[in-house]
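Reckoned from all heavy atoms, side chains included, excluding hydrogens, waters and symmetry mates. Chain naming here is simple, since letters A, B, ... match the order of the sequence lines and numbering starts at 1 in each.
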Amino acid sequence: MSQSKNKEPSSIKGTRDILPPESRKWQKAERFLQRIFESYGYKEIRTPVFESTELFEKGTGETSDVVIKEMYTFADKGGRSLTLRPEYTPSIVRSIIENRLYLKPDLMRFYFIGPMFRYDKPQKGRYRQFHQADIEVFGEKDPEVDAEIVEMAYTLLKKLGVKNIKILINSVGCRKCRPEYHKKLKTEAEKQRARLCEDCRRKIDTNPLRIFDCKKDTCRNAALGFPKITDFLCAECQSHFEKFRSLLDFYGLKYSVDPQLVRGLDYYTKTTFEITSSKLGAQDAVLGGGRYDEMMKDFGGPDICGIGFAMGMERLLSVMPDIDEPEKFLYIVHIGEEAKKVSMKLAQYFRENGVECVLEYKDRKLKKQMSRADKLKAAWSLVVGEEEIEKNKYQLKDMRTGDQKEVTKEEALKRMIG
RNA sequence: GUGAGCGUAGCUCAACUGGUUAGAGCACCGGACUGUGGAUUCGGAGGUUGGGGGUUCGAAGCCCCUCGCUCACCCCA
């Protein structure tokens with residue numbers, strides 16, 4: 001399995017480099033999200049990129065597609081089975097239990113932005129290494145949090161200028177009411193077996209809820225008569241869902257109830273939601289999440305409920321309008337060896353005082369250096385030559401207006417900062 | 001994992017039905033211009049046509065394999 005000698009190295013399928021002009025956009029989005037999250041009381045939590053495989057099998061769920069076919073699992077040299085995290089929630093839950101965070105008086109509101117890994121076939125808006133911004137709240141069982149989270153998600157997308165967004169919500173019930181619904185749905189689907197396509201027939205046993213997703217007309221028509229989860233909720237889930245909806249109204253948010261909104265992770269209870277943008281293509285969810293009241297307990301921790309969402313950064317970025325801010329740096333043009341030295345000192349001075357400052361050390365002609373400053377879109381250029389060194393005054397040029405002034409370094413600084 | 005479409009210079013694309021040494025624009029580097037950018041002009045560099053095999057006198061174009069990209073299914077952010 002040796003590679004041919006002269007083959008260029010390349011990135012792994014489903015991964016990609018985020019290069020300079022784009023990386024700026026990422027930084028901006030990340031900073032923006034941090035600000036918003038923190039304004040709602042969330043604090044950053046960082047956990048390792050890999051965990052024991054078992055954590056995801058138990059947390060994400062052994063019957064979920066993510067666990068069955070999408071995990072990057074490997075054995076380390078000690079023979080432990082490890083997995084690159086495919087999602088974040090189980091890691092946070094693990095950390096809360098392990099660090100006994102529930103015994104502290106602090107809010108249990110956490111956010112995180114970082115890479116996730118899923119062995120999926122790449123396509124639009126889907127990568128093997130992708131990034132999520134994730135928020136989770138623990139210990140708040142009332143629907144007020146559900147609504148606040150959706151409100152936050154909607155608000156931040158709006159503020160980022162994302163257009164054509166839609167809020168979809170549903171309730172998937174709890175361990176009391178869902179099994180009954182499941183049984184009912186199965187029997188109904190079984191009755192319609194003859195009308196369903198091959199895929200859907202298989203789904204009757206594996207995941208009958210997914211029949212709702214089928215695009216074939218016959219299946220759609222057959223599914224029309226199927227029972228809806230929302231008609232089977234127990235009293236508690238029913239009232240939670242109703243309160244949740246009325247609170248969304250209270251926030252003035254438009255949403256649609258989508259009884260087919262079944263998220264692919266096994267752990268959800270009660271509220272699930274998704275925000276979509278029609279600009280994304282087939283993978284139109286910018287973010288998705290829901291409530292998972294049993295996970296902590298299932299992990300052997302205290303009986304503390306949780307709710308949160310994950311937002312796809314790649315998807316977010318692709319529907320965010322670019323706001324290209326002009327560059328704000330100084331390009332120092334130097335002529336001759338002595339000037340180069342003086343320029344280096346000047347650069348030090350400007351940088352110390354908070355001005356982004358660039359100089360290229362090649363011995364290029366003045367004209368060439370000016371041309372470089374222009375190409376790099378410098379906001380200012382500063383010419384340093386023999387005359388300037390003698391006078392201790394330099395030619396500062398505003399590259400946008402073309403205005404040029406002879407100034408001391410202090411004056412130059414003032415002009416650039418002020 | 002399944003299916004479809006596409007791979008020619010850094011980018012966007014040419015190359016008549018298989019026919020000499022694979023071209024152009026933009027971008028890059030340099031000169032014209034010896035202390036002032038964006039314009040013009042001249043030149044330079046840049047390719048094993050994704051890779052491998054086959055058919056042919058001859059392949060960027062046809063056939064097979066492979067890799068990658070794109071889109072869709074499954075599923076998800």
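For Q123(A), a side-chain nitrogen or oxygen approaches OP1 or OP2 of A72(B) to under 4.0 Å. Regarding contacts with the backbone of G37(B), every side-chain N or O of R400(A) stays at 4.0 angstrom or more from both OP1 and OP2. Distances shown here put every side-chain N or O of R364(A) at or beyond 4.0 Å from the OP1 or OP2 atom of G31(B). The side chain of K69(A) contributes no N or O atom lying less than 4.0 Å from OP1 or OP2 of G1(B). At U34(B), none of the side-chain N or O atoms of K367(A) fall inside 4.0 Å of OP1 or OP2 (strictly under the cut-off).
In this structure, the nucleotide among G35(B), G1(B), A77(B) sitting nearest to the side chain of I335(A) is G35(B). Here C29(B) is the nucleotide among C29(B), A77(B), G35(B) with the atom lying nearest to any side-chain atom of R372(A). In this structure, of U36(B), C69(B), G35(B), it is C69(B) that holds the atom nearest to the side chain of K13(A). Side-chain proximity of K121(A) to the nucleotides U36(B), A77(B), G1(B) is greatest for G1(B). Closest to the side chain of R126(A), out of G3(B), G35(B), C74(B), is C74(B). For D374(A), the side-chain atoms get nearest to G37(B) when compared with the rest of G3(B), G37(B), C29(B).
Here, C74(B) and U55(B) have their P atoms 43 Å apart, quoted to the whole Å. A14(B) and C71(B) have their C1' atoms separated by 26 Å, given to the nearest Å. Taking the C1' atom of each, G68(B) and G51(B) are spaced 10 Å apart, rounded to whole Å. The P atoms of A9(B) and A77(B) are separated by 37 Å, rounded to the nearest whole Å. Comparing the same atom, C1', in G7(B) and in C65(B) gives a spacing of 16 Å after rounding to whole Å. Between the P atoms of U66(B) and C28(B), the separation comes to 41 Å (whole Å). The separation of U20(B) from G58(B), taken at their P atoms, amounts to 15 Å, rounded to a whole angstrom. C33(B) sits 13 Å from A39(B) when the C1' atoms are compared, rounded to a whole Å.
Across the protein-nucleic acid pair, K124(A) atom NZ and A72(B) atom C1' stand 12 Å apart, rounded to whole Å. If you measure from atom NE2 of H334(A) to atom C1' of G35(B), you get 14 Å, rounded to the nearest angstrom. In this structure, L396(A) atom CG and G35(B) atom P are separated by 20 Å, rounded to whole Å. Atom pair M320(A):CE and A77(B):P shows a separation of 21 Å (rounding to whole Å applied). Rounded to whole Å, atom P of G30(B) lies 11 Å from atom CD of Q369(A). Distance, I135(A) CD1 to A77(B) C1': 14 Å, rounded to whole Å. Spacing between atom CH2 of W380(A) and atom C1' of G37(B) amounts to 17 Å, rounded to whole angstrom units. If you take NZ of K368(A) and P of G38(B), they are 9 Å apart, rounded to a whole angstrom.
Not a single donor-acceptor contact under 3.5 angstrom links the side-chain atoms of R118(A) to the base of C75(B). Remark: the K375(A) side chain and the G37(B) base include no donor-acceptor N/O pair separated by less than 3.5 Å. Residue side chain E70(A) does not reach the base of G1(B) through any donor-acceptor N/O pair under 3.5 Å, judged by distance alone. Between the base of U34(B) and the side chain of K365(A) there is no donor-acceptor pair shorter than 3.5 Å. The base of U36(B) lies close enough to the side chain of Q404(A) for a donor and an acceptor atom to sit less than 3.5 Å apart.
Nearer to the 5' terminus of RNA chain B, by closest-nucleotide assignment, is the contact made by S11(A) (compared with the other of S11(A) and L280(A)). Taking the nucleotide of RNA chain B with the nearest heavy atom to each of E386(A) and G14(A), the more 5' of the two is matched to E386(A).
With E136(A) as the partner, the side chain to side chain donor-acceptor pair (under 3.5 Å) test is satisfied by one option alone out of Y88(A), Y292(A), Y42(A): Y292(A). Among R94(A), K58(A), R175(A), the single residue meeting the salt bridge (charged side-chain N to carboxylate O under 4.0 Å, His left out) criterion with D298(A) is R175(A). Here the rule is side chain to side chain donor-acceptor pair (under 3.5 Å) with D146(A), and of H240(A), R245(A), K270(A) only H240(A) fits it.
Salt bridge absent: K183(A) and E180(A) never bring a charged side-chain N and a carboxylate O closer than 4.0 Å.
In this model, a donor atom of one side chain and an acceptor atom of the other lie less than 3.5 Å apart for E38(A) and Y111(A). With no hydrogens or angles considered, a side-chain donor-acceptor pair links E22(A) and W26(A) at under 3.5 Å.
Across all strands shown, G10(B) is found opposite C26(B) as a Watson-Crick or G-U wobble partner, with both distances under 3.5 Å.
A heavy-atom distance below 4.5 Å is not found between the side chains of L287(A) and E274(A).
Taking the ring centre of Y119(A) as origin, the terminal cationic atom of R128(A) falls inside the region bounded by 6.0 Å and 45° from the ring axis.
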